[in-house]
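Notes follow once the structure below has been shown.
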Protein chains: 2
Amino acid sequence: MAGRVTLRDVAREAGVHTSTASRALNPATRSVVNPETVEKVLAVARRLGYRPHPLARGLRTNQTMTIGMVIPDIENPIFGPLVAGAESVFGAGGYSVLITNVDRGGNVKPLVATLLERRVDGLVLATALREDEVVSELRAQDIPTVLVNRTTDEYLVPSIVVDDQAGIGLVVRHLVGLGHRRIGHVAGPRHLSTGWGRYQGFFGWMQSLGLDVSPEQVEEAEWFQVEPGYRAAQRLLERLPDLTAIVAGNDLIGLGCYRAIREFGKEVGRDVSVTGYNDIALLDLMQPPMTSVRVPFRRMGEEAAKLLLGLLSGERSDTETISVRLQPILSVRSSTAPPPDDA
Amino acid sequence: MAGRVTLRDVAREAGVHTSTASRALNPATRSVVNPETVEKVLAVARRLGYRPHPLARGLRTNQTMTIGMVIPDIENPIFGPLVAGAESVFGAGGYSVLITNVDRGGNVKPLVATLLERRVDGLVLATALREDEVVSELRAQDIPTVLVNRTTDEYLVPSIVVDDQAGIGLVVRHLVGLGHRRIGHVAGPRHLSTGWGRYQGFFGWMQSLGLDVSPEQVEEAEWFQVEPGYRAAQRLLERLPDLTAIVAGNDLIGLGCYRAIREFGKEVGRDVSVTGYNDIALLDLMQPPMTSVRVPFRRMGEEAAKLLLGLLSGERSDTETISVRLQPILSVRSSTAPPPDDA
DNA sequence: CGGCCATCAGCAATCGATTGCTCCATCGAT
DNA sequence: ATCGATGGAGCAATCGATTGCTGATGGCCG
């Protein structure tokens, strides 16, 4: 029965008062106790296998050593590594992670409320919208919060995101380098920073590379999924049948593009190149393997955890602007190739 | 500031003692309080937005309303739905889920110890080995525990698994029905109930369908991953080049088989049929789309949560044998076809 | 009219740890 | 020798809710 031993037991056994035992056990207050007494208490605690009761401690100190994490659509494979990374860093810091999943269309607010009722010490949200009421409130209430993967337009709380400008730059330059000129974009939802940032990046890079680009070269998928990507790609190809390349908002949308391209009687990688984003697992096993922008999700989770730990320890104030933009790299595969000669 | 209001505040405002307020608020003890008083307290609590402090309550009642969940290799896509399913049921029951990931080869014991120190009310483990010391200890300590996806050989605690016997039956009968006779098996690790059960099922079904089957038709992948699956498939095909079908231990192993088959100059689905297991996302987009056994992971998570909730409420005793075997169904795709004529 | 019981609410202990304050003893300085 | 400073340890309050027990009130029955 681990944990049956209370501080009282330790104190009695060591022949000191509980308060003394408490101070001896706590590294921060240890200095006010006689070193010999400290030794004695420590020895007894070890022998008895004493473990402080987290609830009792938390009640008094008003800390739960618990982090709340909200994940949208946990079935999306990008979130596994993200959670794993965060969890490992939090675990090393003595924190545990309460996880909550919110399916697409679900309401984040009550979930966050539940987490706060549980008195989590901080939050990691992977659910931010570009304009996010929940985040604003958390900011207003001074609840240590870190955003991950997505962020808000206005800086409210720290975030760890990937540099979409850079990521899209990688694919656009890659495509242009291959000789593509007529490039389209099947964007993700533009009310999310990821969809928006990539969309912006697409425009920016096309222009800066001196290529014509207009809004009609873009279609928006309602969601970062295969099916919506497929439908958006259909619309795009119908309007602009002579595109030689499509930059997809993420890998799943890219897979939707594959399907649409085939339905138009063309071959992916030969007639029309496609790029994805995120570089999820198994992408290299698709037909053809998809060129994508590799996003370090595990690292993203780790950085988010470190950042939040920093906020919690008071080392960093969340009023100072801190945002981390991770740099992606390009995974080139055979879904991208020079445009066909007759193009 | 949700939660700043304490029971004391409510009691004072309602003009009653805290104990009365407490009883009025708790449905179980409400009957002992005058209905009018109850109304009054309830009204005040609502007005003030009172939320009980979970730590204070937990300290007294010795319950944290928290469940610990241990996931192996959280990056594996099967665990997303499983976690989501469990989390939604637990959430509805007022429980929160502390999640812990253990990477392959990691040690589960200290993670469980941490969770127990946190005083979780129960555990869901997706990490069971066929002989599992940790599970035995939990059983011995009477800690409400449920296993999910994998189970132990000896019945120790309740589990929710898929019926591997039935699942393998689906694929073997499917293959035999297509005309295959020389069928091999690339098994998953046999120290896990999933690897073992499918291996057993393969033998059983082959025999019961009157086909020759010997251990040399089987190779074991060290892990449920593409790469180990590939290596095992290589070994198998080298030994038995005339196989017309391979039953893979799971989808990822199946994808490894794809690669090995191609390296042997054959075509998947035409020369050699392949079946997977689990039916993970994107499998339908592989080349060729893989026939697989669909396992309802979300449901598995839900059932696990329900079962554990049952144990916790005392409705069910964990001494009575309870195990749920979910029934899988077959997703037929084009990785399976009749054997080639010359075979 | 007295006594008994049921109903309801308050008192106070309790869960286990933390921490401000007090108290005592010792030591050094004047 | 006296006083103050200092180190070290104990006392008790506290965090917020739950709950066994006690006590008061009022109704009913004999």
Side-chain angles (χ1 to χ4, degrees), chain A residues 1-42 44-45 48-66 94 116-121, chain B residues 1-42 44-45 48-66 94 116-121:
Chain A
M1 277 310 208
R4 277 290 56 182
V5 183
T6 83
L7 183 61
R8 257 255 247 312
D9 300 328
V10 175
R12 188 182 327 109
E13 193 77 9
V16 299
H17 193 263
T18 55
S19 62
T20 305
S22 170
R23 282 188 262 258
L25 258 10
N26 183 340
T29 51
R30 187 168 295 163
S31 58
V32 325
V33 178
N34 185 310
E36 287 172 34
T37 313
V38 169
E39 262 324 305
K40 196 168 49 180
V41 172
L42 252 37
V44 172
L48 266 43
Y50 168 71
R51 300 275 166 227
H53 194 304
L55 270 57
R57 166 178 290 180
L59 180 59
R60 187 66 231 256
T61 62
N62 209 26
Q63 287 200 352
T64 54
M65 299 303 279
T66 296
L116 292 179
E117 260 181 46
R118 292 241 164 205
R119 298 299 205 280
V120 294
D121 294 336
Chain B
M1 278 309 209
R4 274 293 54 179
V5 183
T6 85
L7 184 61
R8 257 253 247 311
D9 300 329
V10 175
R12 188 182 328 109
E13 194 77 8
V16 299
H17 194 263
T18 55
S19 61
T20 306
S22 170
R23 282 188 263 256
L25 257 11
N26 184 339
T29 52
R30 188 168 294 163
S31 59
V32 72
V33 178
N34 185 310
E36 286 173 32
T37 314
V38 169
E39 262 323 305
K40 196 167 48 180
V41 173
L42 252 37
V44 172
L48 265 43
Y50 168 70
R51 300 275 166 227
H53 194 305
L55 271 57
R57 166 179 291 180
L59 180 59
R60 186 66 231 259
T61 61
N62 209 27
Q63 286 199 353
T64 54
M65 298 304 279
T66 296
L116 292 179
E117 260 181 47
R118 293 243 163 202
R119 299 295 204 283
V120 295
D121 294 335

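A note on names: the letters A, B, ... follow the listed sequences, proteins ahead of strands, and every chain is numbered from 1.
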Among the candidates D:dG16, C:dA9, D:dG10, find the nucleotide nearest to the side-chain atoms of B:T20.
C:dA9

Rounded to the nearest angstrom, tell me the gap between atom CZ in A:R119 and atom C1' in D:dC15.
11 Å

Answer yes or no: side-chain N or O of A:R60 and base N or O of D:dT14 forming a donor-acceptor pair under 3.5 Å.
yes

When you measure from the side chain of A:A56, which nucleotide among C:dT19, C:dG16, D:dG16 comes out closest?
C:dG16

Atom CZ of A:R51 and atom P of C:dC15: how far apart are they, to the nearest Å?
22 Å

Is there a donor on the side chain of B:R23 or the base of D:dG20 sitting less than 3.5 Å from an acceptor on the other?
yes

Look up atom OG1 in B:T37 and atom NE2 in B:H17, then write down how far apart they are to the nearest 0.5 Å.
14.5 Å

If you pin B:T18 and B:T61 to their nearest nucleotides in DNA chain C, which one's is more 5'?
B:T18

Audit row: B:D121, B:M65, side-chain contact (heavy atoms from CB on, under 4.5 Å) steps and yes/no
CA-CA 6 Å; B:D121 294 335; B:M65 298 304 279; 4.2 Å; yes

Would you say A:R8 places a side-chain N or O within less than 4.0 Å of OP1 or OP2 belonging to C:dG16?
no

Distance check needed: D:dG10 P versus A:R12 CZ, whole Å only.
14 Å

Short side-chain N/O contact to D:dT18 OP1/OP2 from B:R57, under 4.0 Å:
yes

Distance in angstrom units between B:D9 CG and D:dA17 C1', rounded:
13 Å

Value in whole Å for how far the C1' atom of C:dT14 lies from CG of A:L55:
15 Å

Rounded off to whole Å, could you give me the CD-to-C1' distance for the A:Q63 and C:dT18 pair?
12 Å

Is the phosphate of D:dT18, meaning OP1 or OP2, less than 4.0 Å from a side-chain N or O of B:S22?
yes

D:dA17, OP1 or OP2 - any side-chain N/O from B:Y50 closer than 4.0 Å?
yes

Between A:R23 (side chain only) and A:R30 (backbone N and O only), is there a donor and an acceptor less than 3.5 Å apart?
no

Nearest to the B:H17 side chain among C:dG10, D:dT14, D:dG10, which nucleotide is it?
C:dG10

Answer with base, sugar-phosphate or nothing: what part of the nucleic acid does A:T37 contact at a heavy-atom distance below 4.0 Å?
sugar-phosphate

To the nearest Å, give me how far apart NE2 (B:H53) and P (C:dT14) are.
22 Å

Hey, is the main chain of A:R119 close enough, under 3.5 Å, to the side chain of A:T64 for a donor-acceptor pair?
yes

Quick one: which of C:dT14, D:dG10, C:dG10 gets closest to the side chain of B:V16?
C:dG10

I'd like to check B:L7 versus B:L25 (side-chain heavy atoms, cut-off strictly below 4.5 Å). Are they in contact?
yes

Separation of B:R30 atom CZ from D:dT18 atom P, in whole Å?
12 Å

Decide side-chain contact (heavy atoms from CB on, under 4.5 Å) for A:R118 and A:T66; before the verdict, give the C-alpha distance in whole Å, the side-chain angles of both, and the deciding distance to 0.1 Å.
CA-CA 9 Å; A:R118 292 241 164 205; A:T66 296; over 6 Å; no

Side-chain atoms of B:S19 come closest, of C:dA12, C:dT19, D:dC11, to C:dA12

Minimum-distance nucleotide (side-chain atoms of A:N34 versus D:dA9, D:dT18, D:dG16):
D:dA9

